[in-house]
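Input: a single structure, listed below in structure tokens.
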Number of protein chains: 2
Amino acid sequence: MNRTRTSIVDIARAAGVSKSTVSLVLQGSPLVNDKTREKVSGLIDELGYVYNRGAANLRQARSKIVGIVVNDLTNSFFAELAVGMDLVVQSAGYVQFLAHSGESVDRQRQVIASMRENGIAGLILSPARGTEANDIKSLADSGIPVVVVVRNLPGAKVSTLLSDNYAGAKAAIRHLIGLGHRRIAFMGGFVDTAVFSDRVRGYRDALVEAGIPLNDNFIIHSAPSRAGGVAAVERMMLFAERPTAALCLNDAVAFGVCDGLRSNNIEPGKGFGIIGFDDVIEAKTAVPALTTVSVDPQGMGQRAAQLLLKQINAGQIDQESIVTSVRLVVRQSCGAPVKQPEEMA
Amino acid sequence: MNRTRTSIVDIARAAGVSKSTVSLVLQGSPLVNDKTREKVSGLIDELGYVYNRGAANLRQARSKIVGIVVNDLTNSFFAELAVGMDLVVQSAGYVQFLAHSGESVDRQRQVIASMRENGIAGLILSPARGTEANDIKSLADSGIPVVVVVRNLPGAKVSTLLSDNYAGAKAAIRHLIGLGHRRIAFMGGFVDTAVFSDRVRGYRDALVEAGIPLNDNFIIHSAPSRAGGVAAVERMMLFAERPTAALCLNDAVAFGVCDGLRSNNIEPGKGFGIIGFDDVIEAKTAVPALTTVSVDPQGMGQRAAQLLLKQINAGQIDQESIVTSVRLVVRQSCGAPVKQPEEMA
DNA sequence: CTGTTAGCGCTTTCAT
DNA sequence: ATGAAAGCGCTAACAG
């Protein structure tokens with residue numbers, strides 16, 4: 001209940017040594033005599049001393065605090081991302097300012113500024129929609145490491161963790177093949193995006209790897225939307241030898257494919273294997289049992305934190321490096337246990 | 001990219017004033033001449049000065065940092081709780097250390113210690129299972145306000161936010177009455193707990209309020225477990241005039257009631273209105289569409305944060321005060337939109 | 001209105 | 001192995 005906490009000098013006086021000695025004890029220095037160390041340590045918890053890390057930070061001009069700003073903690077994907085970060089941050093002896101931007105760039109800017117004033121050693125940002133490279137420029141320029149996750153920030157000179165579309169597509173196709181499918185389509189999207197071509201490449205390579213002949217008709221282009229998914233199914237229905245499963249460019253397309261299948265009296269999941277990339281995370285709750293390909297959020301969080309800590313310790317920040325994260329996770333909405341397609345056509 | 005950040009003296013020198021003056025400008029003091037203020041402010045963002053809150057904290061022996069420790073951020077209930085706290089903490093100009101204990105008391109203890117060293121002005125704790133009053137005693141004794149939420153910590157002399165069982169029960173019954181039910185049972189539990197009697201009191205009062213005669217047979221005692229729920233239904237089936245709905249002591253009982261109804265060929269929700277108190281939060285995912293009575297997590301988070309800030313600003317901590325939180329929220333697992341019983345018996 | 005002075009609690013040479 | 005002294009960046013009296 002003391003108004004002024006007991007400090008290093010209090011325990012120094014009590015032990016009859018100088019504060020330097022106490023400081024050395026605190027740091028576990030080997031230069032201090034065992035007997036004094038013992039006495040000092042005794043006093044330390046006898047007097048209920050608590051270390052003032054703020055003072056140390058000031059003196060040393062560094063801190064073991066990292067900032068984490070997440071666009072939507074309410075979304076279980078991001079919550080798990082945060083938990084993954086928390087795990088490694090904590091084990092490394094750091095603490096985190098963890099804030100929720102609620103997809104507001106204003107709030108995000110504000111909170112980043114505040115964290116900076118509070119002396120964070122680094123920042124992990126899962127950007128709010130509409131964030132620009134500029135929003136983290138001054139921070140990064142001041143030499144504080146920044147790691148961006150999940151969403152890309154074009155033009156920002158910081159390390160970024162995005163999902164590995166190629167590997168993800170490959171894993172998804174392997175999954176379908178493992179379920180016994182041989183005729184597998186790729187639905188949705190056009191050729192002009194990097195995302196599309198990476199995913200198609202993964203799709204192709206996985207088929208080749210399994211010795212399944214490629215059939216270019218099975219790459220069914222359409223708008224990357226729910227309507228596009230419906231359209232793709234309609235197109236597919238015309239085929240003499242129809243696919244028994246499909247990988248969809250994203251979850252919106254996948255929803256559309258479900259719609260399309262149902263109006264053709266095919267039960268998605270049962271009659272037709274279907275996996276969607278989980279891009280439009282916000283829509284996740286819309287179709288409960290959809291199997292999706294997505295990054296493992298906790299794992300991604302851990303990697304992001306590790307990356308940040310590495311940069312902090314190196315005292316040097318990566319410029320322009322883009323790291324990609326792999327890992328297929330079959331998830332339903334709500335992170336509930338996996339539900340697989342139970343039969344195949 | 002400077003190794004040493006520009007400080008208050010740098011800008012003082014540049015402006016040809018003393019650092020006190022700069023400090024005053026920073027604090028928006030009215031005692032400073034408009035012209036100097038202008039010059040100083042100009043230099044401040046010209047030189048890219050960033051305020052060192054740590055130094056200020058040290059000098060003032062206080063901080064605008066609060067600690068928040070949550071037992072499971074992965075659970076959407078607690079994630080939303082955290083978001084509610086974040087909202088008010090941030091608007092009050094504070095930052096938060098937010099950590100996830102993962103239901104580990106060790107981890108929790110560790111993280112609280114770390115936050116304390118980092119100079120938090122207060123702590124909000126959603127305790128890990130097994131937490132004891134002792135775990136926060138020294139913190140509270142040192143004069144740092146602590147607010148405990150969701151779970152009670154018997155013996156802890158701190159303010160605590162728990163749900164208001166009486167009001168919750170009342171709200172639940174009103175809800176069922178609003179759906180047209182008149183014969184409503186209360187299932188599960190025995191008389192010896194405060195929780196039980198509060199809930200039954202709410203149940204009774206709501207019925208009286210609606211002019212529905214009480215029928216003591218409709219209070220069906222049973223173990224507060226899933227098995228207890230099944231047993232309660234069996235008992236109920238013997239009644240000549242059966243209830244058409246029930247409020248269950250907790251969600252475990254409610255699950256049991258669902259089981260029991262199904263084995264009697266009654267469809268829960270459709271054939272029989274059923275609401276469970278949402279105590280066993282961990283079980284939430286087990287029954288997707290169960291209607292539950294629970295506190296609004298965001299609202300509770302906000303209230304907790306407000307309470308904490310009030311205590312921080314008062315410079316004085318509540319001892320032994322227990323605040324209760326109201327508010328019926330009809331939720332399914334995953335926080336998905338409400339699904340109501342669509343018909344009544 | 002503005003400058004001087006004296007720390008907050010710690011770490012860190014540099015002596016001893 | 002331990003102490004003395006300086007100083008991190010800021011605020012708070014107190015003078016002027």
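Throughout, a chain's letter reflects where its sequence line sits, starting with A, and its residues are numbered from 1. Any value given below was found using the heavy atoms of this structure, including those in side chains, with hydrogens, waters and symmetry copies removed.
- Of the side-chain N and O atoms in B:Thr21, none sit less than 4.0 angstrom from OP1 or OP2 of C:dT2.
- Salt-bridge formation is not detected for the pair A:Asp10/A:Lys19: no Lys NZ or Arg NE/NH1/NH2 atom is positioned less than 4.0 Å from an Asp or Glu carboxylate oxygen.
- Among the heavy atoms of the strands lying under 4.0 Å from B:Ser20 is at least one base atom, whether or not backbone atoms are also near.
- Here B:Ser23 reaches the OP1 or OP2 of D:dT11: one of its side-chain N or O atoms lies under 4.0 Å away.
- Of the candidates D:dC10, D:dG9, D:dG3, D:dC10 carries the atom nearest the B:Tyr51 side chain, counting heavy atoms from C-beta on.
- Heavy atoms of A:Ala56 sit under 4.0 angstrom from primed sugar atoms or phosphate atoms, though from no base atom.
- Regarding A:Ile8, its CD1 atom lies at a distance of 12 Å from the C1' atom of C:dT12, rounded to whole Å.
- Put simply, CG on B:Leu31 is 14 Å from C1' on D:dC14, counting in whole angstrom units.
- Candidate nucleotides C:dT2, C:dG9, D:dG9 were compared by shortest atom distance to the side chain of B:Ser7, and D:dG9 ranks first.
- Nearer the 5' end of DNA chain C, as judged by each residue's closest nucleotide, is the contact made by B:Val32, out of B:Ala61 and B:Val32.
- Nearest to the side chain of B:Lys19, among C:dA6, D:dT2, C:dG9, sits C:dA6.
- In this structure, the CG atom of B:Asn57 is 16 Å from the C1' atom of D:dA12, given to the nearest Å.
- Of the side-chain N and O atoms in A:Gln60, none sit less than 4.0 angstrom from OP1 or OP2 of D:dC8.
- Here the side chain of A:Arg59 is nearest to one of C:dT2, C:dG9, D:dT11, namely C:dG9.
- The separation between A:Glu38 atom CD and D:dT2 atom P is 13 Å, rounded to whole Å.
- Proximity note for A:Asn33 (side chain, C-beta onward) versus C:dT12, D:dT2, C:dT2: the nearest is D:dT2.
- If you measure from atom CG of B:Asp10 to atom P of D:dC8, you get 10 Å, rounded to the nearest angstrom.
- At least one side-chain nitrogen or oxygen of A:Gln27 sits closer than 4.0 Å to the OP1 or OP2 atom of C:dT12.
- Checking D:dG9, D:dC10, C:dC10 against every side-chain atom of A:Leu58, the shortest atom distance belongs to D:dG9.
- Exactly one of B:Arg107, B:His100, B:Gln110 qualifies for a side-chain hydrogen bond (donor to acceptor under 3.5 Å, both in side chains) with A:Gln90. That residue is B:Arg107.
- A salt bridge links A:Arg151 with A:Glu103: at least one charged nitrogen is closer than 4.0 Å to a carboxylate oxygen.
- Here the P atom of nucleotide D:dA4 and the CG atom of A:Leu24 are 14 Å apart, to the nearest Å.
- No more than 12 heavy atoms of other residues, nucleotides or ligands sit less than 6.0 Å from atom CD of A:Glu38.
- In this structure, A:Gly119 reaches neither bases nor backbone, as no heavy-atom distance under 4.0 Å exists between it and the strands shown.
- Side-chain atoms of B:Arg129 never come within 3.5 Å of backbone atoms of B:Ser104 as a donor-acceptor pair (strictly under, hydrogens ignored).
- Inter-residue side-chain proximity for B:Val69 and B:Leu123 is flagged as met; some heavy-atom pair is nearer than 4.5 Å.
- Atom-to-atom, NZ of A:Lys64 to P of C:dC10 comes out at 18 Å; the value is rounded to the nearest Å.
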